[in-house]
Peer 1: 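Just dropping this structure here.
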Amino acid sequence: PCCRSSLQVTEEVREHLKTPIFDNWQWEEAEMLVLLQVMFTDLDFLTALHIELDVLQNFLFEVYCHYNSIPFHNFRHCFCVTQMMYGLIWLTDLRSKLSKLDLFTMLASALCHDLDHPGYNNVYQINAKTDLALRYNDISPLENHHCAVAFGILSKPECNILKNLTREQYKQIRGAMIKCILATDMARHNEILNKFKTIQPVFDFTNKDHKEVLMKIMVKVSDISNEVRPMAVAEPWLDCLLQEFFNQSDTEKLKGLPVTPFMDRDKVSKPSCQTSFIRFVLLPLFTELIKLFPCLEQHILEPVRHALEYYSDMERASKEDKRT
Ligand SMILES: Nc1nc2c(ncn2[C@@H]2O[C@@H]3COP(=O)(O)O[C@H]3[C@H]2O)c(=O)[nH]1
Ligand SMILES: [Zn+2]
């Protein structure tokens, strides 16, 4: 959609792009495509994986085309998750600990992790017996679909950024991307976090299994990292999420399907939904990651603690309002 070349992205923006305080709302879709290109370039993937620039551009454009215009799981969410992964790679200096292929796998998984998301979650897919649930036998239907769409894009020669890899390298990246994308199903959250907890004390970057769990955790952290961002960037995302949640529960009511409680507009509010998500999902997950990367505390844990205070105050205020 745009002809701005990556050369015109200033040094200041490039540096900013490596941090969680980056404000996605200032950029249009065409600009985000250029910024994604910068991420792949600045991590040196073009050289390491022999990717031609026009093939990367075609690939990114196809990815963009395969995200739907829905309130939350859209291309902007894809951009944010990828940008957070990019920031985490720099902040933790992962370039000195993992291979280029591993880093590429993580960034590409973030980019592809919600491709063609329809705006209704797995529970809905299964209850409504959608085509996706039928195709994937109720097993992570969405995540299986996101991943299949990703490799569908890569099957077109003009988009195939993996085409110059050896058979072995391709196999490694494909296997790892499938694992990372399937790991974003929140139904598996405890399973994956518990696995990470058991290996974290003896973590070894040269151990293949350890590395695999870390890569899944990094993709998961990036996926649910909105509250890591400055409040002015994060709060609009919550409105988008609730819009998509309410849309699903309204449809469930209309069709006589079981109503997902955390999506019910009669039951959840902005602060209530956020305080429990931060307490029970974000804090336990981030706490485990900073044991491995203490330098991340200020970047991911502190903002989330601040957000918890902000939404706790909002929750208290709304309760007091109801009493008077
Ligand atoms: N309450 C709440 N849920 C979130 C937030 N960010 C992500 N999620 C949930 O985490 C899920 C991650 O996987 P999905 O994309 O399926 O759907 C996402 C939401 O259900 C958030 O900021 N608040
Ligand atoms: Zn996502």
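What's counted below: heavy atoms across the whole structure, side chains too, no hydrogens, waters or symmetry copies. Remember, it's 1-based here, ligands and their atoms both numbered in the order they're listed.
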Peer 1: Identify whether the distance between the nearest side-chain nitrogen and carboxylate oxygen of Lys270 and Asp239 falls below 4.0 Å.
Peer 2: yes
Peer 1: Can you say whether the rings of His117 and His146 are parallel (under 30°), tilted (30 to 60°) or perpendicular (over 60°)?
Peer 2: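 Parallel.
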Peer 1: Below the 2.8 Å mark, what number of protein N, O or S atoms do you get around the Zn ion (ligand 2)?
Peer 2: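 Step by step: take the Zn ion (ligand 2), keep protein N, O, S below 2.8 Å, and you get 4.
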Peer 1: Tell me yes or no: between the side chains of Tyr136 and Gln125, is some donor less than 3.5 Å from an acceptor?
Peer 2: no
Peer 1: For ligand 1, find each of its N or O atoms that sits under 3.5 Å from a protein N or O atom, and tabulate the pairs with distances to one decimal place.
Peer 2:
{"residue": "ligand 1", "atom": "1 (N)", "partner": "Gln274", "partner atom": "OE1", "Å": "3.3"}
{"residue": "ligand 1", "atom": "15 (O)", "partner": "His73", "partner atom": "NE2", "Å": "2.5"}
{"residue": "ligand 1", "atom": "22 (O)", "partner": "Gln274", "partner atom": "NE2", "Å": "2.7"}
{"residue": "ligand 1", "atom": "23 (N)", "partner": "Gln274", "partner atom": "OE1", "Å": "2.8"}
{"residue": "ligand 1", "atom": "23 (N)", "partner": "Gln274", "partner atom": "NE2", "Å": "3.2"}

Peer 1: Report yes or no: do Asp223 and His77 form a side-chain donor-acceptor pair below 3.5 Å?
Peer 2: yes
Peer 1: Report yes or no: do Gln248 and Glu244 form a side-chain donor-acceptor pair below 3.5 Å?
Peer 2: no
Peer 1: Suppose we screen for salt bridge (charged side-chain N to carboxylate O under 4.0 Å, His left out). Which residues come up paired with Asp102, at least two apart in sequence or across chains?
Peer 2: Lys211
Peer 1: Locate the shortest heavy-atom distance separating Ile70 from Pro118; write the atom from each residue and the value.
Peer 2: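 Shortest heavy-atom contact: CD1-C, 4.0 Å.
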Peer 1: Quick check: does any side chain N or O of Arg265 sit under 3.5 Å from a backbone N or O of Leu242, one acting as donor and the other as acceptor?
Peer 2: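 Between the backbone of Leu242 and the side chain of Arg265 there is no qualifying donor-acceptor contact (under 3.5 Å).
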Peer 1: What residues, two or more places apart in sequence or in another chain, satisfy side chain to side chain donor-acceptor pair (under 3.5 Å) together with Ser276?
Peer 2: none
